[in-house]
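Here the structure is laid out as structure tokens; the discussion comes afterwards.
Numbering of ligands and ligand atoms starts at 1, following listing order.
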Amino acid sequence: MKRILVTNDDGITTTGIARLAGAMADLGEVTIVAPDREMSAISHALTLMRPLRVKEVQPRWFAVGGTPTDCVYLGINKFIDGPVDLVVSGINRGANLAQDIHYSGTVAGAVEGRILGIAAIAFSQILGGDHGALDRAAEFARELARQVLDAAELGERPLLNVNFPPAKAKGVKLTHLGTRHYIDSLHERADDNGDRYFWIEGSSVHYEQAKDTDCQVAEEGYISVTPLQLDLSDYHERDAMHSWPMFMEPD
Ligand code: MN
């Protein structure tokens, strides 16, 4: 029996996580460990400075007063007996494309699974779709999870970031991360006392057109599947910087 941990960053009461958990139920024993409130854009935060409260809202559904990373850490180390075969995160309300992954709590949940040595997938549904969008996303999530579990049996530990287009997908494409910029995302206002305050909003987005990127492929109406890795080292820059006099020669 495969053990599957489901988390998200939109909170345990959202439709997205319910649909994802439902899709995983055919594949093994599902345990949901998710934040008790919305934690979008919390990135990979781990709660160290206050206690984490947990409520088992129904069997195998744990609501945590913490972040997606807290949830995966607790799930794997405490609530699930035996090794976990797969961590899935989502289905997020909204895209997690390009640099979004650095802010995303959804992606962080999957990354935490991978850090702990487990295959992991983050799922995000781009907004603006019809009522069937989540059904289609959940069905695809099941098929991809099935294949990742097969790959995990052979020793692979993929970390995948999946984005669903709003409309019925034309197909599925493997991608790499693109480049996106948020436009007019910082708003300055004043309160009744005349004190200024700011809102950061991720509403208007421009992306650089480039073949086979997650942004481009999703825009064209395909499901984007981006394999990620934990190693953020820039090997090219490292090699270039060897000529700087302050650094010792490589051995
Ligand atoms: Mn979210």
Side-chain angles (χ1 to χ4, degrees), residues 4-24 30-47 52 57 61-75 86-115 120-131 133-138 140-141 144-145 159-166 177-178 180-182 185-186 199-205 207 214-215 218-219 223-226 228:
I4 302 170
L5 189 160
V6 182
T7 194
N8 76 346
D9 77 352
D10 294 336
I12 197 162
T13 59
T14 52
T15 314
I17 194 168
R19 303 308 285 278
L20 184 57
M24 295 300 119
V30 175
T31 305
I32 295 93
V33 189
D36 63 5
R37 69 203 74 179
E38 176 156 8
M39 284 282 162
S40 291
I42 198 75
S43 187
H44 207 100
L46 184 67
T47 302
L52 287 169
V57 288
W61 284 74
F62 297 90
V64 178
T67 68
T69 301
D70 296 329
C71 292
V72 172
Y73 193 85
L74 276 171
L86 178 66
V87 172
V88 291
S89 184
I91 299 166
N92 188 60
R93 274 193 80 254
N96 276 305
L97 297 162
Q99 291 95 329
D100 291 347
I101 68 159
H102 294 287
Y103 304 99
S104 168
T106 306
V107 175
V111 167
E112 183 62 15
R114 184 62 191 80
I115 287 173
I121 319 171
F123 296 101
S124 301
Q125 172 65 55
I126 300 172
L127 299 178
D130 55 89
H131 285 305
L134 265 186
D135 291 328
R136 298 190 297 266
F140 177 82
L144 183 62
L159 170 60
L160 304 177
N161 185 42
V162 178
N163 280 274
F164 299 105
L177 296 175
R180 296 213 303 176
H181 307 283
Y182 286 95
S185 54
L186 186 58
W199 272 113
I200 298 172
E201 277 180 344
S203 48
S204 182
V205 165
Y207 72 92
D214 54 354
C215 325
E219 172 82 12
I223 299 170
S224 164
V225 179
T226 312
L228 302 176

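Metal site remark for the Mn ion (ligand 1): D10 contributes an N, O or S atom at a distance under 2.8 Å. For residue M39, no N/O/S atom approaches the Mn ion (ligand 1) to within less than 2.8 Å.
Taking the Mn ion (ligand 1) as the corner point, the angle from S40 atom OG to D9 atom OD1 is about 100° (rounded to 10 degrees).
In this structure, V64 and C71 approach most closely via the heavy-atom pair CB-SG, 3.7 Å.
The pair D214-R180 does not meet the salt-bridge criterion, since no charged nitrogen lies less than 4.0 angstrom from a carboxylate oxygen.
S104 and N92 form no side-chain donor-acceptor contact under 3.5 Å, judged by distance and modelled atom types alone.
Relative ring orientation between F123 and F164 is described as parallel, the plane-to-plane angle staying below 30° on a 0-90° scale split at 30° and 60°.
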